[in-house]
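One structure is given here, and the rest of the page talks about it.
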Amino acid sequence: MAQYTRVSGSVGLITLQSPRVNALSAAVRQGIVDMMQRALSEPEVKSVVICGQNGIFCGGADIKEFGKNMSGPPLIPMIHAIEAASKPVVAAIEGIALGGGLELALGCHYRIAHAKARVGLPEVTLGLLPAAGGSQRLPRLIGVPAALDLITTGRHVTAAEALKLGIVDQVTDHNTVNVAVKFAKRVAGQSLDPRRISTYPCPCPSDADALFEKAMQKVRRAARGAIAPVACVQAVRAAATLPYNQGMEREKELMATLFTSGQARALQYFFFAQRAVGKWSMPSGARWETSKPRPVHKAAVIGLGTMGRGITVALAQAGLSVVAVETQEKQLMEAKQAISGMLERGAKRSGVAPALDKVSYSHNIQPVADVDLVIEAVFEDMALKKKVFQQLSAVCKPGTFLCSNTSGLDIDHLACQTRNPELVVGMHFFAPAHVMKLLEVVYGPKSSPHAVATAMQLGKKIGKVSVAVGNCRGFVGNRMLKPYLEQALFLLEEGATPEFVDQVLEEFGFAMGVFRVSDLSGLDVGWRVRMADGLAQPDPTTGQPVRVRQGRRYSPLGDLLCEQGRFGQKTGRGWYQYDKPGSQVAKPDPWLHSFLDEYRTRHGLVARRIDHQEVLERCLYSLINEGFRILEDGIAAGPEDIDVIYVFGYSWPRHRGGPMFYAATVGLNKVLERLEHYHQAHPDVPSLQPCRLLRKLVAGGSPPIHKWREVIKKVHSQL
Ligand SMILES: C[C@H](O)[C@H](C)C(=O)SCCNC(=O)CCNC(=O)[C@H](O)C(C)(C)COP(=O)([O-])OP(=O)([O-])OC[C@H]1O[C@@H](n2cnc3c(N)ncnc32)[C@H](O)[C@@H]1OP(=O)([O-])[O-]
């Protein structure tokens with residue numbers, strides 16, 4: 001919808017009305033067309049201002065309409081009509097003008113923006129490109145290099161940068177609509193030809209071919225198989241090399257290839273999945289709408305190792321006062337230096353003052369008595385963590401939330417160490433904690449909805465994408481990672497090499513394959529956990545590494561490497577070799593190949609040829625199968641939770657939507673059939689045995705992913 005009012009005598013004011021972001025739905029487009037005709041037909045009206053209600057100009061095309069039959073007036077001719085109008089049209093940009101919203105503004109003759117406004121063409125993040133003239137008008141207005149940057153990254157720019165680039169004509173701190181109305185009155189009657197961007201020549205740098213070649217290489221490197229960034233470069237190239245109308249034809253062609261692509265569907269699913277995880281619920285029925293968070297002004301971090309330092313920085317950068325506690329004096333001094341350095345570098349990057357004064361340091365726990373929330377980040381040892389929680393429960397004021405950054409230990413065990421177990425939740429950060437977006441908020445059976453709501457809100461405040469999950473070994477992310485890692489090791493036993501397995505996973509779109517990630521995070525981290533679980537010990541009778549445990553197949557390959565000090569990058573040797581400890585360039589290691597050959601011979605294994613499909617299916621389908629078990633157990637409320645965790649925490653390629661969306665794309669019946677195939681071949685690997693929920697979904701005709709929550713609810717109600 002759009003509202004029309006005549007203001008200041010001679011200005012027609014068109015206000016977009018579609019909560020919450022005035023997206024260009026069919027109704028809004030119809031409203032704009034109708035109101036423009038009215039403004040142009042009223043003789044008293046000399047100029048027009050377009051704005052959005054509630055201080056937001058426009059969030060672009062209505063993503064909820066994608067995939068449905070398009071109705072209402074099409075966007076391109078609507079914008080052309082505005083550009084061709086005989087009366088000046090001024091866009092009053094408040095809040096945001098994104099995608100089709102900015103394209104609408106580029107069709108206007110003038111653009112006035114509020115100082116706090118942001119503009120951009122983020123279509124590439126949805127697997128699309130600016131398809132309402134944005135890829136043709138923006139290069140003509142601001143030049144090819146700047147347009148390439150905005151369109152291939154989809155980044156939002158501030159009003160100040162938009163003015164500098166020439167996207168907007170004026171920036172104001174005052175009421176933008178009033179300023180725009182005054183401006184519109186002032187330009188009434190002036191010639192508009194010089195203001196019709198589509199008529200501008202596209203300023204093309206002399207070395208255009210080289211520039212576009214370079215841009216194409218850059219996006220291909222970063223895209224990891226995503227197709228939209230490549231199409232964006234091609235569209236801008238059309239603007240630089242073709243007349244406007246032909247360029248628009250090219251934009252349309254390219255958009256047609258993207259719009260129906262699986263990647264666009266995956267990225268649009270992921271757009272809404274990101275918003276769905278904020279609307280959390282617990283098996284107890286507690287929900288985000290009804291659970292009030294408590295304010296957190298002052299926090300504490302216990303243990304200043306790598307994770308503790310990153311968490312302290314994330315909290316301080318968000319403006320919280322932080323008490324950083326480390327009992328080891330030397331570790332405390334090193335941490336103070338590291339944290340100050342991270343705060344200074346972060347502040348320099350964002351052009352603000354470093355929040356050094358936000359952090360106070362202590363080598364004992366007393367100063368945390370008056371904080372609102374504590375995050376424990378000590379070494380991953382249950383006995384040590386229990387002691388810390390007992391101390392915190394004794395020292396902290398009543399009502400203080402006690403949170404653990406454990407990556408998989410039992411939250412309920414920690415809660416039982418305290419006077420108020422309802423105030424205990426997990427806040428599982430991902431390394432580096434001040435960079436990685438994901439936060440798993442883990443609730444135990446005693447955790448109160450307030451504790452979950454407070455941790456979720458704190459996560460949002462420090463710029464994280466927070467996902468609420470239930471308490472179990474490894475929570476969601478690490479629990480699903482286990483069968484994935486297991487299959488990768490089994491594939492090595494059966495004849496594959498780390499390079500080949502990683503190549504397949506990186507071609508799929510992962511930033512790094514499983515063995516390169518293992519070398520980066522350190523093989524010893526998992527080894528210590530397996531040692532603690534008594535898994536890594538050789539068979540006491542034979543002294544031989546054990547390959548079957550409790551009737552399940554087990555691969556001791558990782559343990560054997562660790563026994564030889566091959567911890568990965570940190571020791572210069574792991575699944576790959578590195579020039580020196582700490583270097584990051586992984587090279588195939590002939591030693592490892594002969595080690596694998598000997599290992600196979602010693603265990604009577606015969607190497608066989610393993611193809612891409614098998615690597616992909618065994619690694620990904622076992623991970624997905626565990627995802628279905630997690631949904632069945634109610635540890636995650638819906639597939640969106642799992643997909644957001646895997647994209648933000650485990651570099652699952654966003655243009656594939658996430659593991660559960662990928663399963664739906666491949667087809668649940670195919671995933672089931674392949675798992676049955678591999679389980680038959682490997683009956684001693686329970687993680688390949690298809691999960692009941694997967695069977696149930698397939699038996700139910702493989703409903704679309706947005707319907708899975710209903711099926712899960714039914715399964716839970718029958719349990
Ligand atoms: C032709 C043309 O070339 C092409 C093809 C296009 O134009 S493609 C479209 C290009 N536009 C975009 O990529 C912008 C996408 N939106 C955003 O980036 C953000 O939303 C935001 C604008 C920066 C606000 O962030 P927020 O954090 O303040 O609130 P929110 O929770 O995110 O959003 C608030 C509510 O609005 C909903 N919403 C936001 N943008 C929407 C959109 N474009 N269409 C439909 N719904 C939208 C969102 O789902 C949520 O709903 P609900 O959960 O309340 O039910």
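Side chains are part of it too, since the values below use all heavy atoms of this structure and drop only hydrogens, waters and symmetry mates. A quick note: this is a predicted structure, and the numbers were derived from the prediction, not measured. Ligands are counted one by one from 1 in listed order, and the atoms in each one are counted from 1 as well.
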Problem - Part of Ala23 within contact of ligand 1 (heavy atoms, under 4.0 Å) - result: side chain
Completion exercise
Nearest heavy atom to atom 55 (O) of ligand 1, choosing from Arg20, Arg275, Lys279, belongs to Lys279
Practice task
Please verify whether a non-hydrogen atom of Gly134 lies at under 4.0 Å from ligand 1.
Solution key: no
Problem - Mode of Leu121 contact toward ligand 1 - side chain, backbone, both, neither (heavy atoms, under 4.0 Å) - result: neither
Problem - ligand 1 N/O within reach of Gly99 N/O, cut-off under 3.5 Å - result: no
Practice task
Please say whether Leu128 places an N or O atom under 3.5 Å from an N or O atom belonging to ligand 1.
Solution key: no
Practice task
Answer yes or no for atom 25 (O) of ligand 1: protein heavy atom present at a distance under 4.0 Å?
Solution key: no
Practice task
Determine yes or no for a side-chain-to-main-chain donor-acceptor pair under 3.5 angstrom, with Lys164 supplying the side chain and Ala160 the backbone.
Solution key: no
Fill in the blank from the handout: A student comparing Leu258, Leu98, Ile56, Leu102 should find that the heavy atom closest to atom 23 (C) of ligand 1 comes from Leu98
Practice task
Would you kindly specify which portion of Ile96 sits under 4.0 Å from ligand 1, judged on non-hydrogen atoms: side chain, backbone, both or neither?
Solution key: side chain
Handout entry: Check: Asp641 side chain, Gly638 main-chain N or O, donor-acceptor pair, under 3.5 Å
Key = yes
Practice task
Kindly identify the option in Asn22, Val124, Val21, Asp62 whose heavy atom sits closest to atom 45 (C) of ligand 1.
Solution key: Asp62
Practice task
State whether any protein heavy atom lies less than 4.0 Å from atom 40 (N) of ligand 1.
Solution key: yes
